[in-house]
Amino acid sequence: MYGPSPVPAPRQGGGRSSAGAIAVRVLLTVLVVVSLGFLAWVAMLRIAIMRRTGRDWALFWAQLVLNIACVVPLEQRFANTWMNTAGLIVLLVQMVAVVCYYLIVDTRHHHAPAPVPGYGYGYPPAHPGTAATVPSSAPLPNPYARQSQHPQPPQQVGPYVQTPSAPVAPPTPRIDQVRAELDELSDLLRKEEDR
């Protein structure tokens, strides 16, 4: 709970899209073009589900309403009218716009940079562009060690406040004494094993 957080696994492939993502991208693009924009809402629905942002859901619903509004004038009773022509033109323009938007957003989504290892729980590193990693062989700072009498105030870095870390105190004579006693004890145990 209080130890170092697990490091997320780096994304494989160097940010390239997988074959499955490319196949879905091609399939949806062909579906929208072959249907002449009638099924453009499918591509927008995929983006909305994939990214889960309010903006994408709003674009999906707006595109769906526009699609329905363009299909209505294509009925037989509106044949040879300006409404029929306008509906078809808007439907084709919408098809091109949705295909371009879908390809750009889907490509960016699958080429997003991998998460920076070294911090967990979604918190960014203290300094932008660097990760605060703790090597496994490095000792963790002692929370009970004496701290200096004049702690430094927190420094403002971007929108986050950086708290000062506890200074590492030099080894005290007590630690040296304990090490010497442990060395003596290990020597005695080795002598007893040799007997």
Side-chain angles (χ1 to χ4, degrees), residues 1 3-75 78 81-136 155-163:
M1 182 168 147
S5 61
V7 176
R11 190 177 270 195
Q12 299 295 325
R16 294 186 178 178
S17 298
S18 66
I22 292 173
V24 170
R25 192 178 303 148
V26 169
L27 178 72
L28 286 177
T29 303
V30 168
L31 184 71
V32 171
V33 171
V34 167
S35 70
L36 296 175
F38 286 106
L39 296 177
W41 60 271
V42 176
M44 295 300 286
L45 180 63
R46 170 150 167 78
I47 290 173
I49 290 173
M50 184 174 56
R51 291 185 29 178
R52 297 180 182 161
T53 62
R55 177 176 164 246
D56 290 324
W57 282 106
L59 285 173
F60 162 72
W61 287 111
Q63 188 276 327
L64 185 62
V65 168
L66 182 64
N67 198 328
I68 292 170
C70 290
V71 170
V72 170
L74 297 179
E75 291 181 4
F78 295 112
T81 63
W82 67 271
M83 290 174 57
N84 187 297
T85 306
L88 186 60
I89 290 173
V90 171
L91 191 65
L92 292 176
V93 168
Q94 176 186 342
M95 173 193 70
V96 172
V98 166
V99 166
C100 291
Y101 180 75
Y102 172 72
L103 290 175
I104 290 169
V105 170
D106 192 51
T107 303
R108 283 185 185 167
H109 178 76
H110 289 291
H111 283 245
V116 177
Y119 59 90
Y121 304 110
Y123 293 107
H127 299 289
T130 61
T133 58
V134 177
S136 59
Q155 296 175 336
Q156 185 72 19
V157 176
Y160 305 101
V161 175
Q162 177 185 4
T163 58

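Numbers for residues simply follow the sequence, beginning at 1.
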Open item on the list: Strictly by salt bridge (charged side-chain N to carboxylate O under 4.0 Å, His left out), give each pair with a member in residues 81-98 just once, sequence neighbours left out.
Closed with: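 Applying salt bridge (charged side-chain N to carboxylate O under 4.0 Å, His left out) to every pair that reaches into residues 81-98, excluding sequence neighbours, yields nothing.
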Side chain to side chain contact (heavy atoms under 4.5 Å, CB included) with [X]: which residues, sequence neighbours excluded?
X   : answer
L74 : F38, N84, L88, L91
V93 : I89
V65 : none
V96 : C100

- [ ] For the residue pair V24 and L28, establish whether any side-chain heavy-atom pair is separated by less than 4.5 Å.
- [x]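 Yes; the side chains approach each other to less than 4.5 Å.
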Task: Within-4.5 Å side-chain heavy-atom neighbours: Q63 and L59 - done: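 They are not in contact (no side-chain heavy atoms under 4.5 Å apart), so the answer is no.
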- [ ] With sequence neighbours excluded, give me every side-chain hydrogen bond (donor to acceptor under 3.5 Å, both in side chains) pair touching residues 87-99.
- [x]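 Every candidate side-chain hydrogen bond (donor to acceptor under 3.5 Å, both in side chains) pair involving residues 87-99 fails, so no pair, neighbours aside, qualifies.
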Task: Pairs satisfying side-chain hydrogen bond (donor to acceptor under 3.5 Å, both in side chains), at least one member in residues 40-53, at least two apart - done: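 Checked against side-chain hydrogen bond (donor to acceptor under 3.5 Å, both in side chains) - neighbours excluded - the pairs reaching residues 40-53 are R46-Y102, R51-D56, T53-D56.
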Task: Pairwise distance CD1(I47) to CZ(R55) - rounded to 0.5 angstrom - done: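 So the gap between those two atoms works out to 9.5 Å.
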Open item on the list: Donor-acceptor check, side chain of S35 to backbone of V32, threshold 3.5 angstrom: yes or no?
Closed with: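 Yes, because the side chain of S35 sits within donor-acceptor range (under 3.5 Å) of the backbone of V32.
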- [ ] Kindly say whether G37 contributes a backbone atom to a donor-acceptor pair with the side chain of N67 at under 3.5 angstrom?
- [x]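 Between the backbone of G37 and the side chain of N67 there is a qualifying donor-acceptor contact (under 3.5 Å).
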Open item on the list: Consider side chain to side chain contact (heavy atoms under 4.5 Å, CB included). Of V98, V99, L103, V105, which one does Y101 pass it with?
Closed with: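 Exactly one option meets the side chain to side chain contact (heavy atoms under 4.5 Å, CB included) with Y101, and it is V105.
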